[in-house]
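What you are looking at is a predicted structure, and each value in this text was computed from that prediction instead of being measured. Numbers here are sequence positions counted from 1. Counting starts at 1 for both ligands and their atoms, following the listed order.
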Amino acid sequence: MTRASKAAALLLAGSMLVGGLAGAGGPGTGARGVDAQRIMNARSEPGNWLTHGGSYAEQRFADLGEVNAGNVDQLGLAWYVDLDTSRGQEATPIVVDGTMYTTTAWSKVMALDAATGKVKWRFDPEVHKSRGQAACCDVVNRGVAVWNGMVYVAALDGRLIALDANTGKVKWSSQTFTDTTKPYTITGAPRVVKGLVIIGNGGAELGVRGYVTAYDAATGKKKWRFFTVPGDPGKGPDGEVSDSVLAGKAAPTWAGEYWKGGGGGTAWDAIVYDQELDQLYIGVGNGSPWNHQIRSDGKGDNLFLSSVVALKPDTGEYLWHYQGTPGETWDFTQTQPIILSTLMIEGKPRKVLMQAPKNGFFYVIDREGGKLISAKGFATQTWATGVDMNTGRPIEVADARYKDKGFLVMPSALGAHNWHPMSFSPRTGLVYLPAQEVPLFYQSDKGFERREGAWNVGIDLLANPVPDDPKAFKAVKAMLKGKLIAWDPVAHKPAWEVTYDGPWNGGTLATAGNLVFQGNGGGSFQAFKATDGEKLWSFDAQTGVIAGPVSYTVKGEQYVAVMAGYGGAYPLTSAFDDPRTANNGRVLVFKLGGKAKLPAATQPVFAAANPPPAGLFTAAQVSEGERIYESTCGLCHGAGARSSGILPDLRRSAVLTDGEAWRTIVHEGALHANGMIAFSRWYKPEQLESVRAYVGAQSRKLAEQDAATAGK
Ligand code: CA
């Protein structure tokens with residue numbers, strides 16, 4: 001044994017002792033004992049899950065082997081907790097000394113006994129449901145951070161809230177939005193770094209300007225703010241730390257009146273602290289509007305869109321950046337999860353960050369200075385053929401920018417990989433990546449007009465109709481694929497793959513038991529052998545599982561936990577199947593020999609299609625209604641008025657045959673308290689009546705299909 005490994009073994013033994021005491025209800029109970037030192041040493045206490053990604057390196061690797069490839073078939077449900085919502089569940093739970101802190105839809109927080117599921121406290125920030133309209137991709141939340149006796153949640157409406165870890169009572173609350181009238185939202189998990197809570201936001205589909213802000217963890221006082229894209233030059237500098245780099249480096253890469261749509265660049269997911277180099281990495285999102293021709297006259301790289309930006313955590317000062325998609329025009333965010341590690345590359349240890357953003361390239365980047373080490377496609381890419389390693393720029397396919405004519409782009413806005421967390425096992429050296437293939441036909445919206453507060457993407461969303469013909473429908477559906485890829489980041493190729501029927505599958509967890517855990521959109525939560533992908537175990541979760549699992553111990557016993565509940569961007573916008581079961585969200589926790597059982601799945605109740613009488617509307621009304629529906633309503637209620645069960649299927653709505661009720665709800669906002677805002681903001685009553693005509697026509701098709709099925 002070398003001196004270093006001896007020291008490590010001693011440290012490990014010591015921390016196990018502390019962990020044991022704390023687990024028995026000692027002084028470490030709750031999040032009180034989680035400070036800088038403890039998070040820095042998170043790897044030495046694998047029985048806890050102290051940060052969003054398990055440790056600052058965010059590898060999502062549980063160094064626990066009680067549950068392993070040899071006995072995972074004995075894994076059973078230890079406990080579950082029902083949630084009060086049918087909206088999507090994307091949170092990664094945090095576990096500290098026997099207490100689990102997690103979030104559900106609408107930014108609600110729960111503290112649970114991690115061994116039994118007993119609820120210790122709940123916190124509801126009472127987000128006004130009208131904010132849901134600004135949430136491009138469901139009213140989800142990806143989790144909390146803990147630090148010095150506090151639990152931090154970022155609410156959909158922009159409030160960053162510190163709660164007492166023992167009671168759930170509010171200690172402080174700070175509004176993080178620069179302008180609460182703008183369509184900003186937060187779905188991401190805050191991170192605590194050196195006594196600062198750091199958070200970004202979303203909203204680039206609708207039209208905002210991205211930034212991240214750091215707050216004093218004890219008081220909620222703002223410490224610094226970094227804007228990711230330049231602002232309106234007519235308004236002068238922001239008076240923030242980003243001013244000089246935006247003026248010197250970023251502004252020259254923008255053209256036209258880019259500030260009118262906010263520019264985008266929201267940092268809505270990855271915020272990762274590098275404790276070895278004392279650097280903070282933020283993943284920056286897409287442009288607003290998506291279409292580079294409209295946003296920036298088709299000119300310039302538009303820094304720092306679609307980039308990883310390294311900052312000094314204490315001050316927010318710019319250090320370096322790498323931009324994966326210069327002049328972004330496809331909603332190619334680079335906000336996807338970032339993992340830190342040291343890899344042996346050509347015989348030398350390199351401190352790297354790994355990221356697989358929407359554009360389909362797996363990047364390995366040297367953290368010391370940001371130099372690109374490798375970039376390799378992990379999914380079908382029609383927009384680029386590779387990356388020029390001299391410049392670090394993608395080699396684009398002619399016409400992929402859909403300037404003069406439309407182009408079928410893969411990957412697309414849903415990404416070859418989205419927010420679903422990937423994991424890395426230092427034992428296998430593989431990254432377990434939830435990948436997908438979802439094509440989108442991009443066609444410039446020639447008559448683009450900005451609508452404040454609505455979707456403003458600059459492409460024609462009607463260019464991707466869901467076909468009515470069953471054969472064509474099947475063909476489109478067959479193009480949509482999901483994969484679990486075990487990616488070798490050194491050899492840059494897959495070691496093995498598992499293929500799923502559809503996209504939008506769960507985040508992954510790697511463990512020292514030679515296991516990878518992953519849920520899928522079809523409702524299975526599964527374990528695979530980390531070395532070769534053999535499927536070893538499966539559990540019927542009764543709803544799609546999309547969140548990232550975690551593992552922890554209480555009193556020495558290993559648990560595996562995941563938030564179950566289908567939702568998010570894909571099911572909201574693209575419904576291809578009726579839901580198999582009612583979408584009940586749950587916390588699911590497993591252990592060896594677990595004997596708990598879920599109640600029988602609730603069968604979804606489908607009301608009959610309810611079309612208004614044929615001949616009530618003109619073809620022109622149906623056509624106008626289609627245009628409005630698909631560019632506005634369909635973003636939540638589903639393309640073609642098909643719902644996947646997250647929001648109501650309007651083809652079956654009782655109010656479809658009642659013009660007065662329709663107007664009161666859709667135009668005037670009678671169901672505003674449920675999140676169905678008044679669309680009088682953008683449309684006249686007669687236009688919304690045309691939407692009824694279109695949904696009515698879709699409803700009639702459904703009625704005919706149902707009649708044909710019943711007659712068989
Ligand atoms: Ca986006």
Just give me the atom name: the N, O or S atom of D331 closest to the Ca ion (ligand 1). OD1
So which N/O/S atom does E205 have closest to the Ca ion (ligand 1)? OE2
Is the distance between the Ca ion (ligand 1) and the nearest N/O/S atom of N286 smaller than 3.0 Å? yes
What closest approach, in Å, do A547 and M563 show between heavy atoms, and which atom pair accounts for it? CB-O, 3.7 Å
Return yes when atom NZ of K260 has more than 12 non-hydrogen atoms of other residues, nucleotides or ligands closer than 6.0 Å, and no otherwise. no
Is it the case that the side chain of R209 and the backbone of V229 share a donor-acceptor pair, with hydrogens and angles ignored and the cut-off at 3.5 Å? yes
Assess, by modelled atom type and distance only, whether the side chains of T333 and Q336 contain a donor and an acceptor separated by less than 3.5 Å. yes
